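Report on one structure; see the data block that follows.
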Amino acid sequence: MSVQDLILELRAKSDPERAKLLQRYFKTGKGEYAEGDVFLGITVPEQRKIAKKHWEKTDLNEIQELLSSKVHEYRFLALLILCEKYKKLKKDKQKQHEIFEFYLKNTKNINNWDLVDLSAPSIVGDFSIRDGPHVIRFLAKSNNLWEKRIAILATFAFIKKRDFGESLFIADTLMNDENDLIHKAVGWMLREVGKKNSEVLELFLSTRYKKMPRTMLRYAIEKFPEEKRKKYLKGEI
């Protein structure tokens with residue numbers, strides 16, 4: 001399976017009208033976070049079908065070619081294939097390590113929130129459960145928006161195993177970040193902690209909720225009962 005074959009199959013599913021909507025939704029204009037990103041308007045389910053069909057026949061060199069493209073769906077497909085490879089090769093720890101290292105070398109190409117959210121928990125998070133959180137903690141201190149989002153989203157893998165410490169540690173690291181996309185991501189992961197254990201979340205919030213960014217707090221307490229949520233927002237807890 002050549003890269004060109006993959007691209008032809010992918011482009012056959014393109015939708016110009018949908019592409020125009022996605023260009024606006026993902027903030028691709030001048031000075032916006034995804035400036036210059038190009039969309040073809042292909043749905044995620046269609047991309048998943050292609051990834052599942054071709055993951056085994058697509059090597060890292062071909063994935064690299066897709067990841068290096070300005071076309072958003074090429075990068076998305078590359079990460080879908082990479083995640084599929086990582087999952088299917090769970091018995092081959094060396095191969096998983098290679099995929100993890102390959103991913104870290106490509107963070108410059110994993111440069112939109114959907115690309116991060118798709119891949120960070122499955123690869124960086126899963127590998128870090130076994131190898132330790134040092135890479136996640138390093139990425140959380142990056143000056144790069146997407147590397148910081150990778151760090152907090154990677155902790156989703158820990159949350160699923162009811163290990164909340166890493167999410168709370170990274171949340172603290174990113175507490176004063178200025179970017180709204182980080183506020184949303186941290187708040188989301190805190191909400192996921194709360195869904196597993198509300199007491200852990202409330203203990204974390206007790207000394208922080210008055211000073212954390214408003215968007216982060218709103219996301220974190222989204223599943224709370226209405227009355228309690230209002231008290232948090234008013235600073236009355």
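Values in this document were obtained by computation on a predicted structure and should not be read as measured data.
For Asp15, the salt bridge (charged side-chain N to carboxylate O under 4.0 Å, His left out) criterion is met by no residue, not counting sequence neighbours. Listed by chain and residue number, nothing satisfies the side chain to side chain donor-acceptor pair (under 3.5 Å) test with Ser128 (two or more places apart in sequence, or in another chain). Partners of Ser198 according to the side chain to side chain donor-acceptor pair (under 3.5 Å) rule, which considers only residues two or more places apart in sequence or in another chain, do not exist here. In terms of the side chain to side chain donor-acceptor pair (under 3.5 Å) criterion, residue partners of Trp113 (sequence neighbours excluded) are, by chain and number, Tyr33. With sequence neighbours excluded, the residues that form a ring-ring contact (aromatic ring centres under 6.0 Å, His included) with Tyr209 are Tyr232. Qualifying side chain to side chain contact (heavy atoms under 4.5 Å, CB included) partners for Asn144, counting only residues two or more places apart in sequence or in other chains: Ser142, Trp146, Glu147. For Phe127, the ring-ring contact (aromatic ring centres under 6.0 Å, His included) partners are His97, Phe100, not counting sequence neighbours. Under the side chain to side chain contact (heavy atoms under 4.5 Å, CB included) criterion, Lys87 pairs with Lys52, Glu84, sequence neighbours left out.
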Side-chain atoms of residues 70-81: list all donor-acceptor pairs with protein atoms under 3.5 Å, sequence neighbours left out, distances to 0.1 Å.
unit_1, atom_1, unit_2, atom_2, d
His72, ND1, Asp37, OD2, 2.9
His72, NE2, Asp114, OD1, 3.1
His72, NE2, Asp114, OD2, 2.7
Glu73, OE1, Leu40, N, 2.9
Glu73, OE2, Leu40, N, 3.0
Glu73, OE2, Gly41, N, 2.8
Glu73, OE2, Ile42, N, 3.3
Tyr74, OH, Arg11, NH1, 2.8
Arg75, NE, Asn109, O, 3.2
Arg75, NE, Asn111, OD1, 3.2
Arg75, NH1, Asp37, OD1, 3.0
Arg75, NH1, Ser69, O, 3.2
Arg75, NH1, Lys70, O, 3.3
Arg75, NH2, Asp37, OD1, 2.9
Arg75, NH2, Asp37, OD2, 3.0
Arg75, NH2, Asn111, OD1, 2.9

Show every donor-acceptor pair shorter than 3.5 Å between a side-chain atom in residues 186-193 and any protein atom, with sequence neighbours excluded, or say none if there are none.
unit_1, atom_1, unit_2, atom_2, d
Trp188, NE1, Glu192, OE2, 3.4
Arg191, NH1, Glu222, OE1, 2.6
Glu192, OE1, Lys195, NZ, 3.4
Glu192, OE2, Lys195, NZ, 3.2

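Applying the salt bridge (charged side-chain N to carboxylate O under 4.0 Å, His left out) test to every pair with at least one member in residues 198-209, sequence neighbours left out, gives these pairs: Asp172-Arg208, Glu202-Lys228. For residues 115-140, the pairs satisfying salt bridge (charged side-chain N to carboxylate O under 4.0 Å, His left out) are Asp117-Arg149, Arg137-Glu166, with sequence neighbours left out.
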